[in-house]
Amino acid sequence: MFQLRPDKKETENKTIRFPVSLIEKIDQVIVENNVSFSGFVIQACEYALENMECKQK
């Protein structure tokens with residue numbers, strides 16, 4: 001199960017466009033869990049990579 005956690009790491013800026021409807025859904029979740037938008041996206045990507053059928057080596 002995907003669970004949000006506080007996390008600080010060395011970072012690099014990337015620009016990405018999100019559909020407005022997805023941003024609205026993410027905003028609801030991050031407010032309820034006291035997590036930043038970036039923190040949510042990073043954790044969601046890590047979770048997706050760890051749980052892919054075809055894992056990268």
Side-chain angles (χ1 to χ4, degrees):
M1 181 173 169
F2 180 59
Q3 299 219 343
L4 293 172
R5 59 183 166 16
D7 200 2
K8 299 281 182 187
K9 296 181 181 177
E10 183 178 348
T11 61
E12 180 178 326
N13 288 334
K14 294 288 182 182
T15 302
I16 184 168
R17 295 179 187 271
F18 286 88
V20 173
S21 61
L22 181 57
I23 290 172
E24 291 169 348
K25 291 176 186 176
I26 293 171
D27 283 343
Q28 288 177 337
V29 171
I30 64 176
V31 167
E32 294 168 2
N33 290 277
N34 195 31
V35 177
S36 68
F37 190 91
S38 292
F40 175 87
V41 172
I42 291 165
Q43 291 178 61
C45 290
E46 288 173 341
Y47 179 84
L49 289 169
E50 291 169 3
N51 292 281
M52 289 177 64
E53 287 279 326
C54 246
K55 290 189 177 185
Q56 297 286 329
K57 292 186 180 186

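No hydrogens, no waters, no symmetry mates; every other heavy atom, side chains included, goes into these values.
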Practice problem: Taking side chain to side chain contact (heavy atoms under 4.5 Å, CB included) as the test, write out the residues that go with L22, two or more places apart. | Solution: F18, P19, I26

Quiz item: What pairs of residues pass the salt bridge (charged side-chain N to carboxylate O under 4.0 Å, His left out) test when at least one of them lies in residues 11-30, not counting sequence neighbours?
Solution: E12-K14

Please output the side-chain donor-acceptor pairs of residues 31-39 that fall under 3.5 Å, not counting sequence neighbours, one pair per line with the distance.
{"from": "N33", "atom 1": "ND2", "to": "V29", "atom 2": "O", "distance (Å)": "2.8"}
{"from": "S36", "atom 1": "OG", "to": "G39", "atom 2": "N", "distance (Å)": "2.9"}

Quiz item: Are F40 and I16 linked, directly or through other ILVMFWY residues, by side chains that come within less than 4.5 angstrom of each other?
Solution: yes

